[in-house]
Amino acid sequence: MTPSNALVQLTDVQKHFPIHQGFIIRKETGAVKAVDGVTIAIERGKTFGLVGESGCGKTTMAKLILRIETPTAGTITFDGKDVHKLKGSELRAYRETVQVVFQDPYSSLNPRMRIKEIIEEPLRTDPKFTKEQRKARIEELLKVIGLRPGSATRYPHQFSGGQRQRIAIARALAPSPSFIVLDEPVSSLDVSIRAQLMNLLKDLQREFHLTFLLISHDLAGVRYLADTIGVMYLGKIVESGGSPAVYGKPLHPYTHALLSNAMPSHPNAPRTEVILTGEVPSPINIPTGCRFHPRCPKVMPHCSKIEPQLQEAEPGHWVACHLYGDTNGAPTPKETAHATATSTAAGNAR
Amino acid sequence: MAIAEQPAAGRVARPRFSAGGVFRTVRHYGIIPGIPLFVLVTLIFVGAFAPLISPHEPNKQSLLDSNVAPAWTAEGTSNNLLGTDRFGRDQLTRIFYGARISLIVSFVTIAIGGAIGTLVGLTAGYFGGWLDSLLMRIVDVFLAFPGLLLAIVLATVFEPSFTIVILVASLLIWPRFARLVRGDTLGIKPNDFVTYARITGTPTPRILMKHIFPNVIPTLLVLCTWEVGAIILLESSLSFLGAGIPPPNPSWGTMVLDGRGQLEEGWWISLFPGLAIMTTVLSLNLLGDWMRDYLDPKLRHA
Amino acid sequence: MSRYILARFLQALISLLAVTIGVFLIVRTIGDPVNVILPIDASREQVEQVRQSLGLDKPVLTQYKDYMFDMMQGDLGLSYTKRQPVMDLVSERVPATLQLGLVSLAITFFIAIPLGVYAAARKGSWVDWVSRIFAVLGQSIPVFWLGIILIQLFAVQWGLLPAGGRGEWKQLVLPSVTLGIFLISGLMRLTRSAMLEVLGSDYVKMARAKGVAEQIVLWKHAFRNAAIPVLTFSALLLVGVLSGAVIVETVFAWPGLGRLVVESIRSRDLNVVQGVIVLFAGFYILANLCVDILYAYVNPRIRF
Amino acid sequence: MDSKPVLQVKDLKVQFATRHGLIKAVDGVTFDLHRGESLGIVGESGSGKSMTSLAVMRLVPPPNGRIVAGEIFLNGENLLKKSNSEMRDIRGGKIAMIFQDPMSSLNPAFTIGNQVGEAVALHQHLRGNELRKKVINALSLVKIPAPETRVKSFPHQMSGGMRQRVVGAIALSCEPEVLIADEPTTSLDVTVQAQYLRLLKEIQEEKQVAIILITHDLGIVARLCHRVAVMYAGRIVEIGSTEQIFDKPSHPYTIALLRSTPKLEGVSRLDSIEGEPPDPSNLPDGCRFAPRCKWAKDKCREAYPPRVQISDGHWADCWFAGDLK
């Protein structure tokens with residue numbers, strides 16, 4: 001799980017938001033376990049796709065990396081340094097090296113600032129740039145993202161959603177970062193605009209040697225952009241690996257369900273549909289044992305008791321499921337691994 | 001009293017409001033904001049240059065000329081266009097000077113109360129948590145207190161004066177500013193551009209001044225317009241009750257009070273100052289309403 | 001639900017305490033009642049004597065304790081000028097203010113709510129325009145001046161209605177209409193905007209898609225939800241009633257609490273002013289509490 | 001499939017008067033729908049797909065919006081000629097609708113039972129116990145667990161997926177002939193979306209209701225719909241069976257849309273559509289897709305193309321339909 005050239009490394013990261021109740025005397029009555037022990041490595045120059053349904057903790061993960069939230073436990077390192085222990089000039093450097101593009105292009109740009117001010121913002125405190133250099137940089141960036149230089153003096157409301165998202169990308173590129181967090185970068189855009197943006201991101205990555213963390217619920221889009229995939233469920237990574245492996249041969253029943261529920265590209269495409277029951281439980285009351293067991297079509301008796309650990313089922317392909325390998329002394333028919341990938345809905349382990 | 005409505009929180013994609021001259025406004029936006037703006041510009045002009053344009057001295061009594069009717073009536077003279085009161089003071093002159101009083105009181109109040117309220121609202125909305133709860137509790141207590149009665153208490157304890165009126169009006173309006181600005185701040189804060197500013201390590205004062213405050217300005221403009229009207233109404237009500245601007249200062253409220261006992265002898269004595277109050281406040285309210293509709297993207301693109 | 005009510009009740013008590021302390025401090029420490037009662041050239045002995053008789057020589061905290069203690073027993077102290085218990089002065093005026101307030105509130109609700117609902121339902125129609133003009137006028141006309149103009153027209157010029165006083169029903173007409181006009185505009189405006197917001201919501205669209213008749217959409221689906229902000233506003237409306245009553249009672253010589261206050265300012269009778277203000281505040285806080293409890297019933301999302 | 005369509009829409013035009021000029025939201029839309037059939041209307045935001053569905057319900061928002069031309073037949077009767085009260089009987093009775101956002105489609109002030117019951121009481125004139133039974137039936141039809149106790153719940157006590165099922169129960173409670181679902185699953189999670197779509201499909205097969213599914217997602221259409229109408233800038237540019245559209249897309253917009261959608265199997269490079277959809281208050285002359293079309297010729301910019309038949313039941317509005325590679 002720790003490739004040698006990891007740029008960002010998360011080790012057993014947790015983020016719990018305490019819940020207070022009571023009036024006058026406030027007691028801590030529980031916690032929202034948004035991120036509950038996540039270990040991932042994001043390789044230099046690659047795209048890590050983080051996939052999961054709403055409320056699974058993927059946005060909290062981004063916030064932890066971006067230092068808007070502090071982890072309850074665990075460490076996040078960037079280039080070997082603990083992100084949450086950075087101070088002074090190192091912290092300033094980190095804030096330039098790590099950038100972000102948000103989902104909603106309407107809320108990510110200040111409506112009262114001109115485009116040039118918006119793009120200039122991350123450069124403002126950088127002593128490396130003189131005023132003229134900043135101006136030149138803005139023009140250069142507008143060209144890179146495909147907007148006319150005249151756009152610089154306009155306001156965000158004069159642009160369409162797709163154009164605004166390009167501006168947000170330009171802002172992220174301004175301080176020449178090496179790592180960009182993309183939080184659902186295209187999901188609020190129209191279908192015909194999405195491909196433009198995805199291609200742009202792909203080209204930028206190659207041109208500027210960028211590392212991406214792509215957060216999305218759109219499996220097909222992630223497939224297009226990501227090299228490595230992590231599937232998240234209720235605050236935990238349940239499966240991760242290279243994207244051809246995960247998409248071609250999903251191991252975890254949840255991944256399998258997600259893939260089979262994703263929309264087909266052709267009405268007659270061969271498909272096996274796994275329909276899960278119920279919805280994602282609240283991160284306040286996480287089920288015991290395997291957190292997926294109440295919805296799992298292949299649930300086994302001990303799944304509700306023992307929490308499976310992430311383990312390498314195949315080289316570079318990790319899964320946290322009792323169907324594979326033996327981490328907790330639970331009985332595990334190893335041969336089901338292959339069966340899962342091809343089987344239809346009903347589980348044989350039931 | 002103008003009750004400020006809470007604007008819809010959320011997206012802040014508002015067009016910039018360009019404050020232009022009266023004529024430009026009429027040409028651009030039509031007659032609805034034009035007429036009130038014209039009234040208000042006239043009022044400011046009259047208030048500013050009252051000594052230059054007034055035909056008489058505001059407090060000069062002339063018992064020989066008492067209760068002279070307006071110029072266009074049978075008993076009127078061209079010397080006193082709007083007639084005189086029972087002390088023979090020229091009504092028109094006093095209305096001009098009254099504009100001055102209304103303007104001074106409302107501008108000073110907005111400057112004090114509006115600034116405090118905005119600051120409190122920004123702080124409460126941005127920082128949230130216990131600070132927000134505490135500040136909003138205080139705001140609730142002040143909002144719950146009938147301002148007119150507070151003024152009355154203060155006027156009983158002290159002598160009525162400009163200072164008391166301004167103090168009372170400020171105490172009355174700051175919680176409204178605080179509440180509205182807090183609401184807007186709460187709506188702006190979750191926007192990703194604020195999150196982005198935090199990620200890039202922008203210092204909090206700069207976030208407040210550069211990212212939050214400019215987006216509150218449209219709401220503030222509308223609120224200020226409405227509140228100036230409310231303050232003028234409050235000042236005149238207090239003066240009418242004898243708890244406001246002390247006589248012989250020609251406050252419009254005092255002038256209405258002067259005419260109250262003379263309805264049979266001189267209907268004009270309380271009519272004209274009252275009309276002055278109404279026209280002014282009406283203009284402010286209309287302008288505020290128009291601004292709100294104009295600045296509200298939901299109504300604009302409907 | 002009962003926890004919610006209990007919480008609100010405690011909050012109301014705290015507010016009441018805050019208000020009494022505030023008023024008490026202003027009246028007792030900033031404004032020295034002795035200065036009001038005695039002429040400026042009074043001798044030291046005289047001052048000391050009055051201080052002692054009023055209990056002003058004790059520490060402020062003790063004074064406050066005594067005052068609160070007396071108040072709980074229905075004693076608001078003596079009027080300085082009338083040498084009568086404040087409680088008697090007040091209780092003799094309460095019915096008049098109550099009558100005026102309730103009648104104007106009734107007028108307000110009967111006119112403002114249907115007008116607001118219909119203005120929103122027919123946005124842009126003449127009903128909407130008329131009610132909007134009415135609302136903005138109502139917010140711009142000074143109440144005292146409106147009262148005087150009404151007296152001028154109905155009493156002086158046409159002699160249709162009496163100019164003031166209290167007794168027969170005719171004397172109630174002008175004051176309650178004046179107060180009503182002052183109150184209607186705010187409530188109407190709020191009802192209209194709350195309705196407009198609700199009418200644009202998906203569940204109203206849904207109700208229409210179900211084939212529900214427009215009247216039912218308006219009153220059942222939309223108004224039920226718009227009633228929540230309207231109800232919250234009703235508490236603020238009471239501030240309007242109280243401060244409006246002070247002015248209207250003065251204009252129409254209506255023998256209520258408001259007029260008592262204004263008379264007391266003129267004679268600088270601090271105890272009376274203090275008593276009435278505390279009473280008003282208490283009344284207001286109580287009304288607020290009622291609104292909060294009602295609110296919990298109207299809004300199913302509050303379940304504590 | 002019946003030979004006579006349940007619903008026929010002919011040359012429907014909906015316009016909006018705004019400050020920025022006249023917006024032709026729907027500009028000559030024609031399609032028909034048979035019993036037991038599901039038609040997907042696919043398009044981007046502003047393409048007029050939602051407005052088409054509101055027009056069928058005659059719920060185009062007044063006073064700015066107006067149906068300016070066209071005919072809508074339900075079982076041969078023109079809905080545009082009905083009185084308001086006749087139309088109210090049809091809405092929720094014969095044509096029902098499911099809106100996009102389950103969080104805001106239910107009235108927060110009333111219980112689930114009350115909201116489902118309202119439509120039943122209105123259209124089937126049931127009361128008391130019979131009404132209750134019908135409500136519980138409707139809730140069990142959409143597989144809401146323990147419907148007997150759920151009728152007393154308020155919307156805020158339910159999850160998003162459950163709420164959307166309640167909306168479905170309201171729509172289906174009076175056994176409509178046509179169900180219009182306007183992006184019914186966009187706000188749901190992937191796994192919940194799959195549950196809901198399967199449920200819709202099951203109910204449709206069982207009840208033989210005709211469905212119009214409005215969506216921007218070709219994948220949903222591929223899974224659920226028999227036929228597809230692709231809308232662009234207020235017009236249907238291509239219509240045909242789902243297989244026809246996916247196998248032989250014939251309008252450049254459909255082709256581009258399919259090529260620019262990422263696939264689970266992975267593609268090396270997406271073929272993106274450049275530019276942006278046209279401003280609805282300022283539509284180009286000629287073909288509306290011409291400014292973004294890589295095959296566009298002068299002819300395309302001059303005149304709106306004719307409707308070309310590609311094969312049986314498959315039509316496209318393009319001068320070069322069928323000749324594009």
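Order of the sequence lines sets the chain letters (A, B, ...), proteins ahead of strands, with each chain counted from 1.
Among D:His216, D:Arg198, D:Met162, the residue making the largest number of heavy-atom pairs under 4.5 Å with chain A is D:Arg198. Most heavy-atom pairs under 4.5 Å with chain A, from the set D:Lys263, D:Glu274, D:Gln195: that is D:Gln195. Between chain D and the residues A:Gly146, A:Gly278, A:Gly161, the largest count of heavy-atom pairs under 4.5 Å involves A:Gly278. Heavy-atom pairs under 4.5 Å with chain A peak, among D:Gly275, D:Gly160, D:Cys225, D:Pro145, at D:Gly275. Between chain A and the residues D:Ser268, D:Ala222, D:Pro277, the largest count of heavy-atom pairs under 4.5 Å involves D:Ala222. Most heavy-atom pairs under 4.5 Å with chain D, from the set A:Ser160, A:Gly55, A:Gly162, A:Pro244: that is A:Ser160.
Salt bridge status for D:Arg223 with A:Glu273: present, with a side-chain N to carboxylate O gap under 4.0 Å.
Of the two parts of D:Gln193, only the side chain, counted from C-beta on, holds a non-hydrogen atom closer than 4.5 Å to a non-hydrogen atom of chain A. Residue D:Leu257 touches chain A through its side chain alone, counting heavy-atom pairs closer than 4.5 Å. Looking at D:Asp217, only its side chain comes within 4.5 Å of chain A, counting heavy atoms on both sides. For A:Thr277, the part lying under 4.5 angstrom from a heavy atom of chain D is the backbone only. Proximity to chain D (any heavy atom under 4.5 Å) is shown, for A:Leu225, by neither the backbone nor the side chain. Both the backbone and the side chain of D:Arg269 come within contact range of chain A, each with at least one heavy atom under 4.5 Å from a heavy atom of that chain. Proximity to chain A is absent for every atom of D:Leu224, based on heavy atoms less than 4.5 angstrom apart.
Taken from CG in D:Leu197 to CG in A:Asn261, the straight-line distance is 9.5 Å, to the nearest 0.5 Å. With rounding to the nearest 0.5 Å, the separation of CG in D:Asp189 from CG in A:Leu276 is 11.0 Å.
Judged by distance alone, the side chains of D:Ser272 and A:Arg194 never bring a donor and an acceptor atom under 3.5 Å apart. With hydrogens and angles left out, the side-chain atoms of D:Ser45 and A:Asp190 include a donor and acceptor closer than 3.5 Å.
Under the 4.5 Å side-chain criterion, counting only non-hydrogen atoms from C-beta, A:Arg223 is not in contact with D:Pro262. Counting only heavy atoms from C-beta outward, the side chains of A:Met198 and D:Leu270 approach each other to under 4.5 Å. In this structure the side chain of D:Thr191 reaches within 4.5 angstrom of the side chain of A:Glu53, judged on heavy atoms.
Judged purely by atom type and a 3.5 angstrom limit, A:Glu279 uses its side chain to pair as donor or acceptor with the backbone of D:Gly161. A donor-acceptor pair is defined here as one N or O able to donate and one able to accept, closer than 3.5 Å; such a pair exists between the side chain of A:Gln196 and the backbone of D:Ile273.
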Can you check side chain to side chain contact (heavy atoms under 4.5 Å, CB included) on D:Glu276 and A:Ser192, steps first, answer last?
-> CA-CA 8 Å; D:Glu276 308 247 348; A:Ser192 75; over 6 Å; no
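Shown here for A:Tyr247 and D:Leu264, the closest heavy-atom pair between the two residues is CE2-CD2, 3.6 Å. Across D:Ala194 and A:Ile275, no two heavy atoms sit closer than the pair O-CD1, 3.7 Å.
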